[in-house]
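In what follows, a single structure is set out as structure tokens and then discussed.
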Amino acid sequence: MSTHVFKPDLPPPTLSVGVVGWLRANLFSNWFNTLLTALALYLIWVTVPPLIQWAFLDATWSGSTRSDCAPGGACWVFIQNRFAQFMYGFYPQGLRWRVDLTVILAVAGAAPLFVKAMPRKLVYGLAYLLVYPWLAFWLLHGGPGLEVVPTSQWGGLMLTLVIAVVGIAGAMPLGVLLALGRRSDMPAIRVICVTFIEFWRGVPLITVLFMSSVMLPLFLPEQITIDKLLRALIAVILFEAAYIAEVVRGGLQAIPKGQYEAAGALGLGYWRMMGLVILPQALKLVIPGIVNTFIALFKDTSLVIIIGLFDLFNSIHQATVDPAWLGFAIEGYVFAALVYWIFCFGMSRYSMRLERRLHTGHKR
Amino acid sequence: MQNPASEPSRRGSMMTDPKVRAWVFQILAIGAVLGIGWYLFHNTQANLAQRGITSGFAFLNNPAGFGILQSLIDYTEGDTYGRVFVVGLLNTLLVSVLGIFIATIVGFVVGVARLSPNWLISRLAALYIEIFRNIPPLLQIFFWYFAVLRAMPPPRDSHALGETVFLNIRGLYLPSPTPAEGFWAFIVALVIAIAGCVALARWARVRHENTGRYFPVLWASLGILVVVPALFALVAGSPFHWSVPELTGFNFRGGWVVIPELVAITLALSIYTAAFIAEIVRAGIQAVSHGQTEAARSLGLRPGHILRLVIIPQALRVIIPPLTSQYLNLVKNSSLAAAIGYPDLVSVFAGTVLNQTGQAIETIAITMSVYLAISLSISLLMNWYNKRIALVER
Amino acid sequence: MTENALKHTLGDKMMIELSGVNKWYGEFHVLKDINLSVRQGERIVLCGPSGSGKSTTIRCINRLEEHQQGRIVVDGVELTSDLKHIEAIRREVGMVFQHFNLFPHLTVLQNCTLAPMWVRNMPKKEADEVAMHYLNRVRIPEQANKYPGQLSGGQQQRVAIARALCMKPKIMLFDEPTSALDPEMVKEVLDTMIQLAESGMTMLCVTHEMGFARTVADRVIFMDKGEIIEQAPPEAFFSNPQNERTKTFLGQILNH
């Protein structure tokens with residue numbers, strides 16, 4: 001009996017690995033590929049250097065009026081000058097700490113939920129959901145002990161976040177109920193829920209905002225007047241609830257039938273079965289979908305410009321038409337785009353990571 | 001092992017019978033919906049009466065009395081609100097069709113580029129997708145409109161492309177065709193060419209089935225479509241007079257004018273939606289497993305045939321449903337036009353007409369029904385299509 | 001030890017010749033100096049632990065994988081990056097995959113006629129006849145108008161064999177054809193392969209079905225870590241392995 005002596009691993013031919021191999025495989029594998037590479041390089045050459053030139057090299061970074069800005073480059077002075085307004089709108093200067101505190105509390109309060117080893121996460125999460133909204137409302141709007149800031153002075157990124165967060169938080173419970181209703185055995189409930197969901201999903205948000213601003217006052221008794229922001233929030237919540245309902249329905253469908261049967265066999269009634277067995281699993285599955293809905297909503301908040309609210313986008317737009325800073329629209333929109341992009345891109349990456357984690361969890 | 005003590009619960013109170021409970025619950029739900037509906041209706045009646053607004057659709061026959069920036073049909077200020085509705089609807093459809101057309105082409109190109117073996121091209125496509133889908137479409141519309149198109153030079157200093165296409169603050173000026181002496185000959189030639197292509201395709205299919213010989217239909221058809229009309233034009237004369245925009249005084253005359261509002265919306269919505277379409281196309285092609293390509297290759301099929309006979313038919317099944325929902329989104333997003341004053345349905349009807357007449361409920365209801373009708377008909381079509389193409393499984 | 005039940009004489013013609021073939025995945029040396037020649041009508045079983053390079057070897061033969069060094073000659077045509085050569089070789093070499101890879105959007109019959117019609121330029125009628133002939137041979141003519149998704153795993157694999165045969169290949173490659181099948185379906189596929197062997201087809205099979213190797217193979221090749229360690233006729237290979245590594249492997253696989 002002989003023992004086989006294995007040959008040593010040899011390094012691959014130089015043409016197939018390393019920088020040369022990589023270039024050959026990825027950029028110059030054949031004439032067509034080489035052509036594409038040339039095209040891409042040309043595209044980069046015509047766009048990137050001028051962009052860098054404009055945004056950084058020729059840009060003006062400090063100053064106080066438009067006359068400080070050098071022609072040809074970006075005038076970031078404009079953004080710097082109006083930065084506070086872009087963030088807080090017309091919120092009184094001396095009270096802006098309340099907005100900061102609200103954000104800090106939100107982040108600090110939610111942070112433990114992202115710690116994996118945190119015990120009693122659910123209890124803490126529920127307590128947070130019950131306490132924080134009141135605290136935030138008290139801080140932002142004022143009330144006992146704090147000076148009242150009417151919502152007409154709210155604006156900027158703060159208002160954008162308020163609309164997006166309240167919109168999604170308000171739409172969640174309604175959306176879950178609608179999703180359950182759509183899968184109900186009772187035909188009347190199903191018809192009501194399907195009609196509601198398909199109605200809101202079928203119309204553009206802009207018409208919903210129009211409706212809330214002109215029709216809501218008609219719908220309610222004359223003595224009730226509702227705040228403009230509240231009207232927008234109601235519209236956003238109804239609209240988003242329909243989208244959340246469809247996302248949650250996907251999660252409910254993904255739960256195997258055995259889970260329903262097992263819960264039924266334990267003698268759980270409908271609400272306990274849903275609340276204790278099905279929904280906790282389904283909602284966990286749909287977190288990525290909900291984050292995606294939130295991203296869409298975050299972008300859609302810019303539509304409130306139509307009904308005259310001063311969110312981040314409208315604040316910036318108004319600043320670009322301010323006679324004192326005319327001619328810097330590009331800087332304004334680029335800054336707005338950057339802020340929206342950071343939020344949306346960040347959240348979409350987070351949602352993708354969650355999705356991957358949930359998927360592997362399912363395979364095991 | 002039934003517990004005997006649980007027996008009596010079978011004929012317990014009516015409320016524990018699930019069937020009765022379901023009935024009661026449903027009746028309560030319907031009652032609640034009707035109750036809320038009645039409450040809103042009642043309030044609205046009272047409010048309208050107080051403001052002295054008579055409800056109904058009679059206002060549609062009243063003259064509108066305002067001008068509209070762009071209209072695909074004849075429209076003057078004296079026309080009715082009903083006609084305003086049609087003008088707005090057509091403008092919405094125009095943006096939607098243009099947007100869908102461009103977004104589809106750009107989206108497919110970027111989606112395929114995303115899968116390119118060329119690293120640079122694939123990175124550039126990824127960059128395009130990540131940039132444009134994460135910026136609100138309204139912001140993109142405003143960028144193109146206010147920052148780019150409104151900053152264009154006045155007509156005198158227009159950006160020109162070969163002295164035929166001009167871009168300035170008033171819009172995009174394109175040469176426009178009007179029928180000339182060879183026009184009818186050209187139409188006839190076109191009809192003949194198309195009929196020829198159809199016949200050729202059928203002949204090629206039958207021949208392939210009968211003899212196995214393959215005929216390059218696509219290239220031949222393209223050739224026919226170019227050559228036949230060109231020959232007719234040579235004989236019968238040019239089919240069109242091209243009216244080229246020309247600077248006279250302070251403005252251009254002649255040609256087609258595409259208003260900047262339309263350019264901005266079409267551009268922004270196409271670019272935005274294309275980013276989503278690209279992702280759909282990428283996912284669709286990737287959904288066809290690599291094994292399919294390998295099997296086709298091992299059978300000796302050529303790359304072009306593999307794409308046409310194996311990959312595309314399978315990828316399309318995955319691509320088309322989400323693609324239609326992107327088309328629907330684009331149609332709904334076209335309502336953002338209202339924000340920059342492009343005269344679409346929302347802008348002229350739910351905006352101007354509502355303000356002038358005060359008929360809030362009617363105008364909003366009509367506007368929403370239009371979008372609902374479009375959405376529902378497309379989803380019905382989609383469901384039918386999905387059922388038809390679903391892969392047959394055990 | 002059962003005797004090789006299908007003793008036959010081999011042709012003199014070399015159908016496949018691999019000489020000094022080396023292949024790397026990035027920095028990883030997967031195939032090391034592979035030398036292998038296969039004569040017409042010869043039936044070879046490749047076995048070895050997973051990751052030993054046996055699948056890669058047969059995938060190099062029809063260019064699903066590219067080798068970086070050495071020569072591969074199939075039916076007198078050398079494999080280079082020339083697409084003409086690659087296509088010529090693929091026409092003559094049929095392949096059956098572990099996961100069947102049938103085209104789910106086409107019926108069983110269309111799966112079988114696709115390549116003859118588009119590669120061999122066969123009229124549809126003739127292609128249909130050829131397809132039905134081979135579907136008969138794999139004993140599922142009644143399924144011709146069903147879609148792959150409606151068939152069992154074993155039936156799908158038999159369709160895949162028929163699909164490859166419709167091109168009338170000179171060589172058949174099998175890449176673990178029974179590994180993805182439920183145990184009760186393995187036999188129907190192996191029977192089809194034995195039947196094919198009886199018809200004198202040149203075959204290269206990557207498989208762990210040692211019973212199949214005993215009855216059908218002219219030669220069993222054992223690979224490990226990208227090298228051919230041992231090759232011998234099945235009787236000698238199973239009863240008297242020459243190599244320590246082979247013995248260990250056989251011990252593991254046969255005692256299960």
Side-chain angles (χ1 to χ4, degrees), chain A residues 22 25-27 29 32-33 36-37 39-41 43-44 181 185-189 192 198-199 201-208 210-211 214-215 217-222 295 298-303 305-306 313 316-317 320-321 327 329-330 332-334 336-337 340-345 348, chain B residues 22-23 25-27 29-30 33 39-41 43-44 46-48 50-51 113 116-124 130-131 133-140 142-143 146-148 150-151 328 331-336 338-339 346 350-351 354 360-361 364 367-368 371-376 379:
Chain A
W22 186 88
N26 292 301
L27 297 180
S29 58
F32 182 65
N33 210 337
L36 284 180
T37 304
L39 185 78
L41 286 175
L43 259 176
I44 293 171
D185 299 327
M186 297 179 243
I189 305 286
I192 293 172
E198 294 306 328
F199 173 76
R201 275 162 41 90
V203 296
L205 179 56
I206 216 172
T207 58
V208 180
F210 259 120
M211 184 172 97
V214 298
M215 276 165 83
L218 286 178
F219 282 155
L220 296 173
E222 216 201 331
I295 296 173
F298 190 81
K299 285 185 287 183
D300 278 349
T301 54
S302 56
L303 302 199
I305 192 172
I306 299 288
F313 176 57
I316 293 177
H317 175 65
T320 62
V321 295
I330 294 190
Y333 292 132
V334 166
Y340 280 105
W341 189 84
I342 289 170
F343 273 91
C344 295
F345 182 73
S348 75
Chain B
W23 272 107
F25 201 65
Q26 294 185 68
I27 290 169
I30 295 174
V33 169
Y39 173 74
L40 297 180
F41 179 72
N43 286 333
T44 313
N47 284 323
L48 287 178
Q50 204 184 4
R51 295 183 196 183
S116 163
N118 187 305
W119 184 84
L120 260 181
I121 289 285
S122 141
R123 291 285 96 188
L124 279 182
E130 290 303 348
I131 288 180
R133 72 170 176 178
N134 284 317
I135 297 175
L138 188 64
L139 174 49
Q140 297 191 36
F142 272 50
F143 176 82
F146 288 108
V148 178
R150 297 261 94 181
L328 267 182
V331 173
K332 284 191 272 174
N333 278 335
S334 73
S335 61
L336 298 180
V346 171
L354 189 156
I361 296 178
I364 301 247
T367 311
M368 283 185 157
Y371 286 102
L372 272 180
I374 297 175
S375 297
L376 288 181
S379 3

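Quick note on labels: first sequence line is chain A, next is B, and so on, each numbered from 1. Atom set for the values below is all heavy atoms of this structure, side chains included, hydrogens, waters and symmetry mates excluded.
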### Task
Check whether any side-chain heavy atom of A:L36 lies under 4.5 Å from a side-chain heavy atom of B:L120, and answer yes or no.
no
### Task
Let me know if B:T44 has heavy atoms under 4.5 Å from chain A in its side chain, its backbone, both or neither.
both
### Query
So which part of B:S122 gets closer than 4.5 Å to some heavy atom of chain A, the side chain, the backbone, both or neither?
neither
### Task
Measure up the A:W22 and B:W119 rings against each other and bin them: parallel (under 30°), tilted (30 to 60°), perpendicular (over 60°).
perpendicular
### Query
Given a strict heavy-atom distance threshold of 4.5 Å, which part of B:A46 is in contact with chain A: side chain, backbone, both, or neither?
neither
#### Entry: Region of B:Q140 in contact with chain A, defined by heavy-atom distances below 4.5 Å
neither
## Note on the structure
Ranking B:V346, B:V148, B:I374, B:I364 by heavy-atom pairs under 4.5 Å to chain A gives rank one to B:I364
### Query
Is chain A contacted by the side chain of B:A339, its backbone, both, or neither, given a heavy-atom distance below 4.5 Å?
both
### Query
Where on B:T367 is there a heavy atom nearer than 4.5 Å to chain A: the side chain, the backbone, both, or neither?
side chain
### Query
Measuring heavy-atom distances to chain A, does B:I135 have an atom under 4.5 Å in its side chain, in its backbone, in both, or in neither?
both
### Message
Any heavy-atom pair between the side chains of B:S335 and A:I206 that's under 4.5 Å?
### Response
yes
### Query
So which part of B:R51 gets closer than 4.5 Å to some heavy atom of chain A, the side chain, the backbone, both or neither?
side chain
### Task
Would you mind checking which part of B:L354 comes under 4.5 Å of any heavy atom in chain A, side chain (CB onward), backbone (N, CA, C, O), both or neither?
side chain
